[in-house]
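By convention in this document, chain letters (A, B, ...) are assigned in the order of the sequence lines, proteins followed by strands, and residues within each chain are numbered from 1. Remember, predicted model here, so these are calculated numbers, not experimental data.
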There are 2 protein chains.
Amino acid sequence: MQPLSFKERVLIFLAERGGFTNSLKMTTPILSKYLGTSQQSASRLLITLEREGLLERRIVGRTTYVKITPIGVARLRDLYISLKTIFERPVNIVLEGRVFTGLGEGAYYMSQPGYVKQMEEKLGYTPYPGTLNLSLLSRDSIENRLLLQKLAFIEIQGFKDGLRTFGNVKIIPATINENIKGGIIFAERSHYDNSVIELISHVRLRDELNLKDGSLVKVSVEIPSNNFFENFRVKPVIYSPPP
Amino acid sequence: MQPLSFKERVLIFLAERGGFTNSLKMTTPILSKYLGTSQQSASRLLITLEREGLLERRIVGRTTYVKITPIGVARLRDLYISLKTIFERPVNIVLEGRVFTGLGEGAYYMSQPGYVKQMEEKLGYTPYPGTLNLSLLSRDSIENRLLLQKLAFIEIQGFKDGLRTFGNVKIIPATINENIKGGIIFAERSHYDNSVIELISHVRLRDELNLKDGSLVKVSVEIPSNNFFENFRVKPVIYSPPP
DNA sequence: ATTACTATTTCCCGAGTAA
DNA sequence: TTTACTCGGGAAATAGTAA
């Protein structure tokens, strides 16, 4: 697959070389090399783009100069703006799941002073001593859970209390049912699998949101775009060689 | 002209609707409407994009859900980055011209205390009492001159001294022959046409750069990208309707 | 409703080549 | 060397239609 249509690649190629303000010396064999196409197609491209008003050719002696027109600049700019709005707005990640009753481990862990003290410090509130378990519904939710676990930036250190060891825990702030502030808590070694999340809050969520086992709960987490898209680095596609 | 290839437009269409993190309900008639293509082509597009690993389809009951894959996200991100580097670096505008001798008006105006006082204030230096006239060489230079005149942000107010009226003047800082700091000065009502610029500096440029009539001079002005691209607002191309 | 196959048409690409 | 024409083959888009 060509990652882009040839027309845009020509405009980007020229723009990278200052074709917004300068007429650039350009031959069809050179352009065709860069695009990986034939000389004939490069020639046709320039002709078509000129007819469409996106660039302007001027022949001086035996050399051709090419410059992007204001319409061409605007065209590329529109594309840029539409991508910018996509990539620079915060990403809202939503998990949906149903409430279920666990074995009480949540309450046990959330009562350990070794955890609570750190949470008060790092969350700014005293968490209710218990967690709300959600069984995630969709594959999207499960995939997003894994991502959120990576992105959870509030780290609570584990500790020993003589009898037993309490592992590290990570938390990411979240909004529950578009309403209550809280967080998703990820235990380093959880007794649950990837299809489950545990929620914490300053209140008892079951009471506050009137939840019973089986109730549908929506958890949303806002991620700064940078943190999100960082996770999608693949070897880059070269649109045109460096200027 | 399709401003973009269909494939990118599908990815952008989905991305605008949260297709990075959520599986979106999608039918080929709806997609085809947005793309302005046939239902059959929309169908083929989804099939092809899935084969290429850029998106993922899941059929649940009789509805199809579509989600962008990490490879698809990376693809779009690469395009975004290459446009970002184009549109967010400062734009360097270059004018080239040859030195010529004027009728001495430059020196006359640049000796008026009504101008000089303001210039000292706004430029931070005392300009040499004279200007260097350049006759611009290329159409690019002449076009860019017009743009720079619009962008010139240092405004010197005109005044009357009883005998006569001195008009408003605008200046934009520039670098002359990659070396000397100075500015291009635009008189509101110049006795020269668009193919001429007048340069000012804290020194006498003819001496400093060893110039004679006919010498080639290169003047460059760095414009913040925003200020530059603002001038290219045309009615936007709709890549896909707002989410 | 959908999706997507097959057939037809249209359009695009590149070889050959002229200027 | 260039640019860019014509033309033949193939890819891609649409029409028709089945499931």
Side-chain angles (χ1 to χ4, degrees), chain A residues 1-14 17 19 22-69 72 75 238-240, chain B residues 1-14 17 19 22-69 72 75 139 237-240:
Chain A
M1 169 200 182
Q2 281 304 346
L4 265 190
S5 72
F6 280 131
K7 290 177 181 178
E8 271 76 26
R9 290 182 63 202
V10 173
L11 291 181
I12 290 176
F13 176 81
L14 296 174
R17 286 161 184 72
N22 301 110
S23 297
L24 304 172
K25 214 173 283 188
M26 185 56 52
T27 73
T28 54
I30 288 173
L31 182 60
S32 70
K33 287 265 168 42
Y34 280 124
L35 297 176
T37 183
S38 66
Q39 174 271 322
Q40 291 89 335
S41 292
S43 171
R44 240 200 327 267
L45 266 170
L46 292 179
I47 293 168
T48 313
L49 285 167
E50 183 168 41
R51 275 206 200 113
E52 289 170 350
L54 300 176
L55 59 81
E56 192 184 84
R57 287 187 302 165
R58 203 138 33 88
I59 290 120
V60 177
R62 56 175 56 203
T63 49
T64 307
Y65 292 86
V66 180
K67 188 176 179 179
I68 304 177
T69 63
R75 171 70 50 91
I238 306 299
Y239 288 99
S240 78
Chain B
M1 169 202 180
Q2 282 304 346
L4 265 189
S5 73
F6 280 133
K7 290 177 181 178
E8 271 76 26
R9 289 183 63 202
V10 173
L11 292 181
I12 289 175
F13 176 81
L14 296 174
R17 287 159 181 73
N22 302 109
S23 297
L24 304 171
K25 216 173 280 186
M26 185 54 52
T27 73
T28 54
I30 288 174
L31 181 60
S32 70
K33 288 264 170 41
Y34 280 124
L35 297 175
T37 184
S38 64
Q39 173 272 321
Q40 291 86 338
S41 293
S43 171
R44 214 168 11 75
L45 267 169
L46 292 179
I47 293 168
T48 314
L49 285 168
E50 184 168 40
R51 272 205 202 115
E52 289 170 351
L54 300 176
L55 59 81
E56 192 184 84
R57 287 187 302 165
R58 204 139 31 88
I59 290 123
V60 177
R62 56 175 56 201
T63 48
T64 307
Y65 292 86
V66 180
K67 187 176 179 179
I68 304 177
T69 63
R75 172 70 51 91
R139 227 176 69 179
V237 174
I238 307 297
Y239 287 100
S240 78

| note | Per atom distances to the A:T27 side chain, the nearest of C:dT2, C:dA4, D:dT3 is D:dT3

| The side chain of A:Q40 lies closest to which of these nucleotides: D:dT3, C:dA4, C:dG14? | C:dG14

| task | May I ask you to check if B:R17 and B:F13 form a cation-pi contact, with NZ or CZ under 6.0 angstrom from the six-membered ring centre and within 45° of the axis? | result | yes

| field | salt_bridge(A:E52, A:R75) N-O dist < 4.0 Å | value | no

On the nucleotide [N], are OP1 or OP2 found under 4.0 Å from the side-chain N or O atoms that [X] carries?
X	N	answer
A:T28	D:dT3	yes
B:R44	C:dT6	no
A:T37	C:dG14	yes
B:S41	D:dA13	no

| request: Could you pick out which residue, B:A42 or A:P29, lies toward the 5' side of DNA chain D when each is mapped onto its nearest nucleotide? | output: A:P29

| request: Could you tell me the separation between the CD1 atom of A:I30 and the C1' atom of D:dT3, rounded to a whole number of Å? | output: 14 Å

| Atom of A:K67, atom of A:G19 and distance for their closest heavy-atom approach | CG-O, 3.6 Å

| request: Provide the closest heavy-atom pair for A:S38 versus A:S32 in the form atom of the first, atom of the second, distance. | output: O-CB, 3.3 Å

| message | Distance criterion of 3.5 Å, no angle test: do you see the side chain of A:Q39 paired donor-to-acceptor with the base of C:dG14? | response | no

